[in-house]
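One structure below.
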Amino acid sequence: MVNANDWQQEQERLERVEESLRAAISGLEPEVTGLHEQAADIRKRFWEEVTVNTSTHEDFEETFYSIRQQEAMLSERERSHRLRLQRYRSMQRLLPSPYFGRIDFREDGFSGSEQIYIGVASFADDDGMSFLVYDWRTPIASMYYDYSPGAAAYETPGGSIAGEMTLKRQYQIRGAQLHNVFDTSLTIGDELLQQVLGKGADSQMKSIVATIQKEQNTIIRDDTSRMLIVQGAAGSGKTSAALQRVAYLLYKHRGRIRADQIVLFSPNPMFNSYVSTVLPELGEENMQQTTFQEYLAHWLGSAFRLEDPFEQIEYAMNPASASGYEARMSGMRYKASEDFLQALQHYALWLGNEGMLFRSISFRDRELITAEKMKLQFYSYDRSIRLANRVALLQEWLLRELASLELKEQEEPWVQDELDYLDNEQYAEAYSALLKKVQRETVVFDFTQEYVEQYGDLRGQEQGEENVFDFGLQQEELLQRMIVKEHFKPLKREIKRFMFIDVIGLYSQLFGEEAAYRTMADEAGVPDHWTEICRQTKEKLERSELFYEDATPFLYLKELLEGVRTNTVVRHLFVDEGQDYSPFQYAYLKRLFPRARMTVLGDFGQAIFPQATNLHEADSSLIRLHGEEDTRLIRLVRSYRSTREIVEFTKSMLPGEEIVPFDRLGSKPFLTQTGGSAARAERILEDVAALQAEGYDSIAIITKTAAESCEAYEALTAQGPGALRLITKETLTFEKGTLVIPAYLAKGVEFDAVLIYDASSQTYHRESERKLFYTACTRAMHRLMLYTTADWTPYLQATDASLYEVGSLEPS
């Protein structure tokens with residue numbers, strides 16, 4: 001804490017800043033309202049101010065420039081309103097707490113120090129030159145996060161500025177009143193972090209700008225890496241740092257990067273709700289947020305019933321003795337690998353020479369163009385042309401063939417049958433269209449000999465001569481064309497959508513005899529249980545279903561055939577829980593967003609999916625994706641979420657992992673063994689009530705699977721009415737309260753207290769489930785409690801007993 005004199009000076013400055021803010025807000029309010037009304041008025045009266053006259057070339061030109069002038073005026077008013085509104089809102093955000101930090105910096109070569117106060121936005125004095133508050137994203141503010149008092153420097157567009165930091169101070173301000181002031185020699189003083197981390201969990205993630213650590217600041221301000229990989233321990237603040245990174249990028253590159261040019265792939269829809277307030281809290285629009293499953297469903301969901309990653313992990317947790325289990329697990333790993341990616345690339349090369357499969361184009365139970373004819377045409381093209389380009393040539397050929405067949409189809413008997421059943425309105429429509437056509441061509445051709453021969457000479461009608469133009473005949477021909485055209489529309493649409501390619505057949509063709517696969521995939525090796533993998537895959541395809549591990553390869557093959565879909569607008573791609581994506585999926589994302597820099601955040605200690613990618617090994621496929629020279633790997637080893645006791649307990653489950661707890665003390669994890677399921681449910685409800693009485697209002701009862709969640713929910717609600725909420729993969733919003741949730745849906749979220757519903761050896765016994773159990777336990781901020789009705793999981797049996805406390809066999 002600072003002395004009384006410093007405190008008084010700080011309070012007086014705070015009051016001056018608050019007064020300046022209020023004055024600026026009051027002064028800006030009428031401007032914001034006025035400009036909004038002006039823009040609305042111009043928009044409303046836009047056409048009243050413009051006289052549209054196109055009689056002559058000069059009139060048309062005058063009208064054009066009049067519209068452009070009104071448009072420019074409206075655009076300027078809206079831009080002015082937008083800028084003032086943005087400034088107005090930033091000052092409103094500053095008002096309750098104008099700043100959270102201060103550094104005094106003396107630049108080399110100057111005698112005096114400058115006082116730099118740091119907040120969530122910049123605010124200048126009336127002259128516009130003296131900054132009362134600097135935005136935390138400005139270059140000069142970076143020293144607050146990166147240096148202790150002493151030699152310091154910051155980077156500017158003009159080069160590095162060096163000097164000495166003579167003071168570093170931190171504030172807690174609420175309602176424009178000082179609550180705490182700390183002088184510190186650390187990045188962020190323990191006192192401030194203790195208070196921030198000691199608070200309860202919220203229903204939304206909050207901005208961490210006041211407590212950003214040096215290593216997190218490195219992540220936020222990295223502006224050169226094509227691939228930034230953040231391997232961070234549970235609770236190390238990697239997701240928070242990533243969201244601040246988005247805010248930083250939008251600030252630094254304002255005018256060049258918009259929020260809709262940044263995409264976040266998150267683990268589930270509920271997580272999107274959890275992080276949705278961070279950027280608006282910093283005055284920025286939210287970036288685009290989606291899940292990889294949503295992307296797959298957009299492109300494949302209309303043709304297939306897609307398995308999602310949560311169904312896949314539920315299957316992975318089945319008993320290993322289940323029929324076909326080993327083959328499915330082997331298939332999951334192989335189809336997610338770089339080897340399978342290369343196999344598909346070789347397969348595409350093979351298809352360039354043989355093996356393409358097409359679907360015949362049929363109409364009214366007749367084959368108009370056979371698959372064999374398509375195949376002959378396809379392989380008649382130069383073999384040096386890329387596969388997708390040859391498919392495009394075939395598409396053009398098919399459309400020409402269909403146009404020719406459409407003309408011939410008009411003579412078919414079914415056309416006359418349909419013609420007989422047309423109503424008067426359709427006849428009138430055809431008559432009107434024909435009349436317009438004749439009148440238009442009369443002007444264009446001026447009754448050339450060619451026109452007279454085709455349509456007759458209508459001038460004879462005007463002169464009372466015999467009508468040589470048969471309107472009835474022409475009308476009938478037009479109606480026939482209209483009928484056939486309407487029936488051929490779906491065929492043309494299917495050709496334009498590449499439905500003449502048998503993609504399902506081509507993907508299925510891969511999963512045949514091992515020798516054939518080796519030929520098609522350039523003698524690539526096959527995984528164990530290949531025959532059973534083939535059977536499972538084909539069985540799914542026959543039912544118009546896809547395993548999760550097949551969805552990305554299927555879409556990749558589809559694009560090798562039809563042409564690559566790319567998004568060149570997106571400039572930054574963020575992948576959270578990055579360890580749960582496969583090497584195949586990362587290669588696909590790079591192909592999909594060729595101009596985007598990628599930031600991947602994850603923790604290999606929480607890699608719970610079979611296709612997990614190692615984030616931190618030197619030979620990781622993720623590092624190979626952009627190459628070592630364009631890739632930066634940052635490791636975060638300090639865990640801030642949980643108390644020291646919880647971190648020491650959970651890290652014992654992952655021997656060899658470097659995890660450093662932040663020195664925030666609390667209760668040891670509590671292990672309770674009960675005599676049966678009913679007794680366990682009763683004890684859990686008692687503990688929930690006690691936790692709520694202590695003030696914890698974000699509590700998670702975490703289970704292993706969705707089925708166990710339903711079972712736990714029913715057992716707990718059977719004990720009596722309570723405010724429990726069951727979370728499923730369909731849950732879209734994250735809210736505070738007492739939740740029953742599977743471990744894999746709790747990833748990325750934190751709770752005041754976590755209760756592990758069943759930590760027995762029957763539920764968690766396989767080594768492959770260790771990380772899932774670890775993930776569940778690391779969701780706890782303040783309290784962790786575990787329950788069993790039988791023997792404890794082997795992960796706990798090996799844990800040092802001094803790291804936890806043990807409860808009784810019966811409810812208290």
Side-chain angles (χ1 to χ4, degrees), residues 120 136-137 142 145 202 204-253 257-292 570-581 586 589 593 596-606 613 615-616 622 626 631-641 734 747-750 778:
V120 296
W136 65 277
R137 295 167 288 189
S142 66
Y145 302 108
D202 211 326
Q204 268 98 27
M205 183 179 284
K206 295 298 182 184
S207 163
I208 61 164
V209 292
T211 58
I212 292 169
Q213 304 299 291
K214 184 175 181 178
E215 64 273 18
Q216 293 170 329
N217 197 45
T218 303
I219 296 165
I220 292 165
R221 295 177 188 261
D222 182 292
D223 205 27
T224 57
S225 305
R226 291 286 302 167
M227 168 72 80
L228 178 62
I229 304 171
V230 181
Q231 158 62 37
S236 57
K238 51 190 177 292
T239 301
S240 297
L243 294 171
Q244 319 301 310
R245 172 169 168 75
V246 174
Y248 171 77
L249 291 168
L250 290 172
Y251 175 85
K252 182 174 181 182
H253 301 291
I257 296 179
R258 305 184 309 274
D260 62 4
Q261 293 177 296
I262 301 176
V263 175
L264 168 66
F265 278 91
S266 54
N268 55 64
M270 187 181 73
F271 183 84
N272 289 340
S273 163
Y274 181 59
V275 302
S276 63
T277 60
V278 175
L279 287 173
E281 189 180 317
L282 295 170
E284 302 290 354
E285 292 181 34
N286 261 325
M287 66 266 166
Q288 297 187 70
Q289 292 175 245
T290 188
T291 64
F292 196 75
V570 171
R571 297 305 176 88
H572 282 273
L573 181 66
F574 287 75
V575 180
D576 204 358
E577 301 297 341
Q579 73 282 346
D580 294 333
Y581 289 70
Y586 278 118
L589 286 173
F593 300 104
R597 296 176 185 270
M598 196 180 295
T599 302
V600 176
L601 317 134
D603 175 16
F604 196 62
Q606 299 178 66
T613 296
L615 301 181
H616 61 287
L622 203 50
H626 282 284
T631 301
R632 184 176 188 182
L633 172 61
I634 297 176
R635 291 182 174 85
L636 301 178
V637 298
R638 185 174 293 275
S639 178
Y640 298 99
R641 174 188 298 138
F734 180 79
K747 285 169 68 75
V749 185
E750 61 189 19
T778 55

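What you see below is based on every heavy atom in this structure, not just the backbone, and it leaves out hydrogens, waters and symmetry mates.
Rounding to the nearest 0.5 Å gives a distance of 11.0 Å between OG1 of Thr239 and CD of Gln244. We find the CZ-CG distance between Arg221 and Leu249 to be 11.0 Å, quoted to the nearest 0.5 Å. In this structure, the separation between CG on Leu573 and CE on Met598 is 5.0 Å, given to the nearest 0.5 Å. With values rounded to the nearest 0.5 angstrom, Thr290 atom OG1 is found 6.0 Å from Phe265 atom CZ. Interatomic distance, CG of Leu282 versus CG of Leu250, reported as 10.0 Å (0.5 Å rounding). Atom CD1 in Ile634 sits 5.5 Å away from atom OG1 in Thr218 (nearest 0.5 Å).
The shortest side-chain heavy-atom distance between Tyr581 and Val600 does not fall under the 4.5 Å cut-off. Residues Tyr274 and Glu750 meet the side-chain proximity criterion, which asks for heavy atoms closer than 4.5 Å. Residues Val246 and His572 fail the side-chain proximity criterion, which asks for heavy atoms closer than 4.5 Å. Annotation: side chain of Trp136 is in contact with side chain of Ile212 (closest heavy-atom distance under 4.5 Å). Inter-residue side-chain proximity for Val637 and Glu215 is flagged as unmet; no heavy-atom pair is nearer than 4.5 Å. Contact annotation: the side chain of Tyr145 approaches that of Val209 to within less than 4.5 Å [non-hydrogen atoms, C-beta and beyond].
Judged purely by atom type and a 3.5 angstrom limit, Tyr251 has no side-chain atom pairing as donor or acceptor with the backbone of Glu284. A distance-only check finds a donor-acceptor pair linking the side chain of Arg137 to the backbone of Ala247 [under 3.5 Å].
The shortest heavy-atom contact between Thr211 and Gln213 is O-NE2, 2.8 Å. Smallest separation of non-hydrogen atoms from Met287 and Ile262: CB-O, 3.2 Å. Between Ala234 and Ser639, the shortest heavy-atom distance links the atoms O-OG, 2.7 Å. Heavy-atom minimum distance, Thr224 versus Arg597: O-NH1, 2.8 Å. For the pair Thr291 and Ser266, the tightest heavy-atom approach, listed with the atom from each and the gap, is CG2-O, 3.5 Å.
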Leu589 vs Phe292, side chain to side chain contact (heavy atoms under 4.5 Å, CB included): CA-CA, chis, key distance, verdict: CA-CA 10 Å; Leu589 286 173; Phe292 196 75; 3.8 Å; yes
Step by step, would you call His253 with Asp223 a side chain to side chain contact (heavy atoms under 4.5 Å, CB included)? CA-CA 10 Å; His253 301 291; Asp223 205 27; 3.1 Å; yes
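Between the side chains of Arg245 and Thr599, at least one donor N or O lies within less than 3.5 Å of an accepting N or O.
None of Ile220, Thr277, Asp576, Val278 except one satisfies the side-chain contact (heavy atoms from CB on, under 4.5 Å) rule with Leu243; the exception is Val278. For the side chain to side chain donor-acceptor pair (under 3.5 Å) with Asp603, the lone residue among Lys238, Gln579, Gln231 that qualifies is Gln231.
In this structure, the salt bridge (charged side-chain N to carboxylate O under 4.0 Å, His left out) partners of Lys747, at least two apart in sequence or on a different chain, are Glu577, Asp580. Residues meeting the salt bridge (charged side-chain N to carboxylate O under 4.0 Å, His left out) test with Arg258, sequence neighbours left out: Asp260.
Counting non-hydrogen atoms of neighbouring residues, nucleotides and ligands closer than 6.0 angstrom, the CD atom of Gln288 exceeds 12 such neighbours.
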